[in-house]
Trainee: 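Please read through the structure below; I'll follow up with questions.
Labels below follow one simple rule: chain letters A, B, ... track the order of the sequence lines, proteins then strands, and each chain is numbered from 1.
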Protein chains: 2
Amino acid sequence: MKDRKRVILEAAARVIARRGVRGLRMEELAAEAHVSKALVYYHFGDRAGLLHHTLRFIGDRAQRYTRHRPPGSGEPDGSLRELERRLTQELQETPEVRENSTAWGELRAGAVFDPALREGLREASTEWLREIAELLGRVAQTAPDTALVAAAERLTVLLEGLSTRWLTGALPVAHARELMRVSVTAEVEGLRAARPRAVCPVG
Amino acid sequence: MKDRKRVILEAAARVIARRGVRGLRMEELAAEAHVSKALVYYHFGDRAGLLHHTLRFIGDRAQRYTRHRPPGSGEPDGSLRELERRLTQELQETPEVRENSTAWGELRAGAVFDPALREGLREASTEWLREIAELLGRVAQTAPDTALVAAAERLTVLLEGLSTRWLTGALPVAHARELMRVSVTAEVEGLRAARPRAVCPVG
DNA sequence: GTCTATAAAGCGATAGAC
DNA sequence: GTCTATCGCTTTATAGAC
């Protein structure tokens with residue numbers, strides 16, 4: 001069997017989804033990947049190295065479903081639907097998405113106590129925020145930049161909260177998505193209403 | 001020195017804020033409390049017992065600033081200000097609040113992997129949700145119950161997300177509070193606008 | 001590259017003196 | 001009630017054969 005390295009990374013993603021980053025044991029990982037512990041050390045040096053590569057692996061994998069609009073779905077560029085999709089994409093009952101969301105949650109939770117984890121987290125969050133703010137700008141048309149960023153912050157922070165609720169079984173995934181959608185709509189309407197020339201959204 | 005038990009619990013709260021629930025080591029706790037490890041076991045049985053009592057200790061302590069309106073502040077019962085205060089109270093740079101928020105964050109993060117933690121979390125969340133929904137009802141006056149609950153869910157979930165951002169240093173506490181306040185106002189306005197007899201919020 | 005076997009360290013928990 | 005000393009399991013990490 002070739003490319004055991006990838007096999008190990010995929011196994012690590014599954015173990016992290018089951019036990020968390022802090023709960024990952026080298027022995028359980030080796031068993032999950034059907035290799036020996038020593039091989040894991042051979043490829044990744046130590047536990048920290050394995051975690052580093054796994055988190056990167058998960059992040060790269062996530063871009064597949066995060067950045068690409070489904071081809072042929074007729075979803076217009078910069079539409080409200082695209083914005084909604086981007087913000088509900090992490091709330092799906094799929095092994096890959098669950099593994100990804102779990103890992104991100106662990107990263108966030110770990111960063112509370114480990115400053116070393118914060119930089120990587122900050123980079124990803126900033127990039128994510130920028131993308132959502134830009135999309136909001138297109139959907140809402142005109143709006144001051146600070147308002148756009150603030151709205152994007154509220155939406156991305158809400159997403160993180162919803163993700164935790166989903167993963168702890170406190171909220172069914174469909175319910176979490178619904179709450180997200182309502183907030184997206186409300187934020188967009190809020191931005192539109194805040195235009196210089198205020199227009200009554202009801203009339 | 002009397003009441004070493006309380007000294008240990010206070011030390012445990014500090015250690016949890018520094019290392020997390022999962023990162024708490026009996027040895028470090030003993031050192032922090034200036035007692036021996038054996039004494040901790042004498043008073044609390046085992047690690048799980050210590051954690052159980054500590055979490056309860058922290059929860060009880062939190063009620064002091066959570067449920068009581070500051071006396072003589074002239075804050076009317078059921079006002080928008082009371083609602084805002086309740087939702088921004090967990091976002092304060094105080095040792096006590098930080099310890100409390102950290103512990104709750106750890107509990108949430110741990111519940112992703114440990115179903116045993118979920119029940120206690122669910123109870124507290126449900127109670128918290130109920131209180132916020134009720135306050136929202138008073139502030140917004142009439143509104144359908146489902147809309148009230150949904151709004152309360154969005155606000156409480158947002159609070160959890162903001163708490164994590166604050167504790168990871170991703171968001172200054174003042175900024176987090178501001179985002180929360182804006183959302184509270186928007187939700188209240190949304191509820192008012194959704195009344196049977198729709199009224200233009202701009203006019 | 002991959003394995004088995006083992007060393008080394010960390011940590012929860014207990015024994016027993018005072 | 002409180003301490004010092006220590007046990008024993010778990011887990012990371014390495015040695016060395018193939």
Trainee: Could you check which residues of residues 20-41 of chain B get a heavy atom under 4.0 Å from DNA chain D? Sort them by number, please.
Mentor: B:V35, B:S36, B:A38, B:L39
Trainee: Hey, is the main chain of A:L39 close enough, under 3.5 Å, to the side chain of A:H43 for a donor-acceptor pair?
Mentor: no
Trainee: How many whole angstroms separate atom CZ of B:R47 from atom P of D:dG8?
Mentor: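 Rounded to the whole Å, the gap is 22 Å.
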Trainee: Tell me every residue that passes ring pair (Phe, Tyr, Trp, His ring centres under 6.0 Å) with A:F113, counting only those two or more places apart in sequence or in another chain.
Mentor: none
Trainee: Side chain to side chain contact (heavy atoms under 4.5 Å, CB included), that's the test. Do B:V184 and B:M180 meet it? Break it down for me.
Mentor: CA-CA 6 Å; B:V184 171; B:M180 185 79 245; 4.0 Å; yes
Trainee: Can you tell me the distance, in whole Å, between the CD1 atom of A:I8 and the P atom of C:dG1?
Mentor: 11 Å
Trainee: In whole angstroms, how far is the P atom of D:dT12 from the CG atom of A:D46?
Mentor: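 Answer to the nearest Å: 11 Å.
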Trainee: Atom CZ of B:R181 and atom CD of B:E84: how far apart are they, to the nearest 0.5 Å?
Mentor: 6.5 Å
Trainee: Compare side-chain N and O positions of B:R4 against OP1 and OP2 of D:dT2 and report whether any pair is under 4.0 Å apart.
Mentor: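 So the side chain of B:R4 is within the cut-off, an N or O lying under 4.0 Å from OP1 or OP2 of D:dT2.
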Trainee: Send over the distance from B:F44 CZ to D:dT2 P, rounded to a whole Å.
Mentor: 11 Å
Trainee: Using side chain to side chain contact (heavy atoms under 4.5 Å, CB included) as the criterion, list what pairs up with A:A111, not counting sequence neighbours.
Mentor: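 For A:A111 the side chain to side chain contact (heavy atoms under 4.5 Å, CB included) partners, ignoring immediate neighbours, are A:L117, A:R118, A:L121, B:T168.
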Trainee: Mind calculating the distance between CZ (B:R19) and P (C:dC11) to the nearest angstrom?
Mentor: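 Whole-Å distance recorded here is 10 Å.
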Trainee: Rounded to the Å, how far apart are A:H43 NE2 and D:dA13 P?
Mentor: 17 Å
Trainee: Counting distance only, does the side-chain N/O of B:H53 pair as donor-acceptor with the main-chain N or O of B:G49 below 3.5 Å?
Mentor: yes
Trainee: Could you tell me how far apart A:K5 (NZ) and C:dT2 (P) are, to the nearest whole angstrom?
Mentor: 11 Å
Trainee: Take A:L191 and A:L148 through the side chain to side chain contact (heavy atoms under 4.5 Å, CB included) test and state the conclusion after the steps.
Mentor: CA-CA 7 Å; A:L191 287 170; A:L148 245 34; 3.6 Å; yes
Trainee: Give me the bend of the helix from C:dG1-D:dC18 to C:dC18-D:dG1, using the axes of the five pairs at each end, rounded to 10°.
Mentor: 10°
Trainee: Can you list everything that forms a side chain to side chain contact (heavy atoms under 4.5 Å, CB included) with B:Q92? Sequence neighbours excluded, please.
Mentor: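 Only B:Q89, B:T94, B:V97, B:R177 meet the side chain to side chain contact (heavy atoms under 4.5 Å, CB included) criterion with B:Q92.
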Trainee: Quick test of your reading: applying side-chain hydrogen bond (donor to acceptor under 3.5 Å, both in side chains), list the pairs with at least one residue in residues 17-26 of chain B, sequence neighbours left out, ordered by first then second residue.
Mentor: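 Qualifying pairs: A:E106-B:R22, B:R18-B:E28, B:R18-B:E32, B:R19-B:E28.
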